[in-house]
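Here the structure is laid out as structure tokens; the discussion comes afterwards.
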Amino acid sequence: MLDDMLQSIETIRERPVWQPIPSSEEALFHSDLPQLPEDIKTVHEQFMNHILPFGVGNIHPRFMGWVHGGGNMAGMMAEMLSAGLNANLGGRNQIPISVEQEVIDWMRQLFGFPDGSSGIFVTGSSLANLIGLWVARNTALGDSIRKNGVPAGKLTAYTSSAAHASIAQAFDLAGLGTHCLRTIPVNDLHQMDLTALQMAIDQDRKQHLKPFFIAATAGTVDVGAIDNLSALAQLARAEKLWLHVDGALGAITMLAPNLAPLLQGIEQADSLAFDLHKLGQVPYDAGIILVRNGRQHYETFASQASYLHREQQGVAGGTFWPCDYGPDLSRSFRALKAWFTFKVYGAKKMGDMIAHACALAQYMAACIRSQPDLELLAPVTLNIVCFRFCCTNPDEINTQIVLRLQESGIAVPSTTKIHGKLAIRAAITNHRTTSEDIDILIQSTQTLGHALCQDNQKKTPS
Ligand SMILES: *Cc1c(COP(=O)(O)O)cnc(C)c1O
């Protein structure tokens, strides 16, 4: 299995990034519950022939869709060890929890979080954003809501129009409702407009509402923009609001010395959500939540079930029980693949790799600017480039370009809308991507664009 997987990764460039799934393949996955044993060799063959070739392709260097990480070898091997160990990291007296907390401590150091801050691994930033909001909500409304439920209160919160959908979803899931979340417009750099934010807060106070929470973004999902975190931290402190930072894709660029200054102010966040499975290249899934005030974090989740009784010694000992810091009780040893990744490559090399991905995005932007038939649609801050092929009915043609790129297996960009214009979006989130891969994407886009325009003209009678 190991040889097959290593060989498959080594030869990844020889295969299409993605290929359409024949219905005969999909049909294989509707069988009855297996009653009799099969040889593991046969099952592995099924994996090789019918599962491995039909993923989305994010380990391929020309996968640039959405924001999917490429994974890494050390992390992959650690996953095998972790599965063999089969540790349950809800709590108790075990070194795996010390490993998780060691990685969390590295992250505390990286982001300048103080002693007394807390953190755990979670599936991803969607859950990390929700945990940040839960702690902020309970801090604002008091612990009695754990018993009495969330009152239809007067709390209001603020995020930018470029925020990820998981922020609004968190308000829904936290029982506060999305109606209390104000959407603040962004400036030319796709950052939250600070004047508009201040006005919205003032207006809510005049209405006797209670502003309590700002969700800033470090790396917006559409274009990779970073809010002005220092200014937001200052404003949050002056207004006594909780500052949460959704750093899902961008926070880990802190490892790259040339990009870290963009994140200035992140050290002042009350809570920070981020992923190691995007630019951090740790295999899925590996999200993290850090909370500045560990006591508030603990008080949001800890409970006293008798079967989880703690002892001073024995297996039920252990001082830090992760189940006190989030909604999960049984938890996998996600931290091990991150621990291996940081140790095997080192933070410096990981920072260089992230800087390289972002430099490739700048290279791509420069190529696009130099081509009269291409248009850059948003400034490039980190690893995301939004552009389009110029033609009549550009939305339709660019949609077609992306579909054909994907279905031909040449490259997988995705799409988004920038100021109402359909954009081809390339998020360079794979450590295997090189400048030749960027050239191939650009040239194929142009070739397809011209061919599609000609087809279109033929179809339209003059
Ligand atoms: C990816 C992303 C999320 C969601 O993170 P998951 O790990 O997919 O749950 C949230 N916010 C931003 C800005 C993202 O890019």
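In listed order, ligands and their atoms are each counted from 1. Just so it is clear, the model here is predicted, and its values are computed rather than measured.
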Give a yes or no on whether a salt bridge exists between Arg108 and Asp105, defined as a side-chain N under 4.0 angstrom from a carboxylate O.
yes
Salt bridge (Lys or Arg N to Asp or Glu O under 4.0 Å) contacts touching residues 220-237 (sequence neighbours left out)
none
Run the side chain to side chain contact (heavy atoms under 4.5 Å, CB included) test against Ala366 and tell me which residues pass, sequence neighbours left out.
none
Residues at least two apart in sequence or cross-chain that pass side chain to side chain contact (heavy atoms under 4.5 Å, CB included) with Gln264, listed by chain then number, are Ser230
Kindly print each ligand 1 N/O atom paired with any protein N/O atom under 3.5 angstrom away, one pair per line, or none if nothing qualifies.
unit_1: ligand 1; atom_1: 5 (O); unit_2: Asp275; atom_2: OD2; d: 3.3
unit_1: ligand 1; atom_1: 7 (O); unit_2: Ser125; atom_2: N; d: 3.0
unit_1: ligand 1; atom_1: 7 (O); unit_2: Asp275; atom_2: OD1; d: 3.2
unit_1: ligand 1; atom_1: 7 (O); unit_2: Asp275; atom_2: OD2; d: 2.7
unit_1: ligand 1; atom_1: 7 (O); unit_2: His277; atom_2: NE2; d: 3.0
unit_1: ligand 1; atom_1: 9 (O); unit_2: Ser125; atom_2: N; d: 3.3
unit_1: ligand 1; atom_1: 9 (O); unit_2: Ser126; atom_2: N; d: 2.9
unit_1: ligand 1; atom_1: 9 (O); unit_2: Ser126; atom_2: OG; d: 2.6
unit_1: ligand 1; atom_1: 11 (N); unit_2: Asp246; atom_2: OD1; d: 3.3
unit_1: ligand 1; atom_1: 11 (N); unit_2: Asp246; atom_2: OD2; d: 2.6
unit_1: ligand 1; atom_1: 15 (O); unit_2: Lys278; atom_2: NZ; d: 2.9

Do the side chains of Arg331 and Asp328 get close enough for a salt bridge, i.e. N-O under 4.0 angstrom?
no
Just how far is it from atom CG of Asn293 to atom OG of Ser271, taken to the nearest 0.5 Å?
11.0 Å
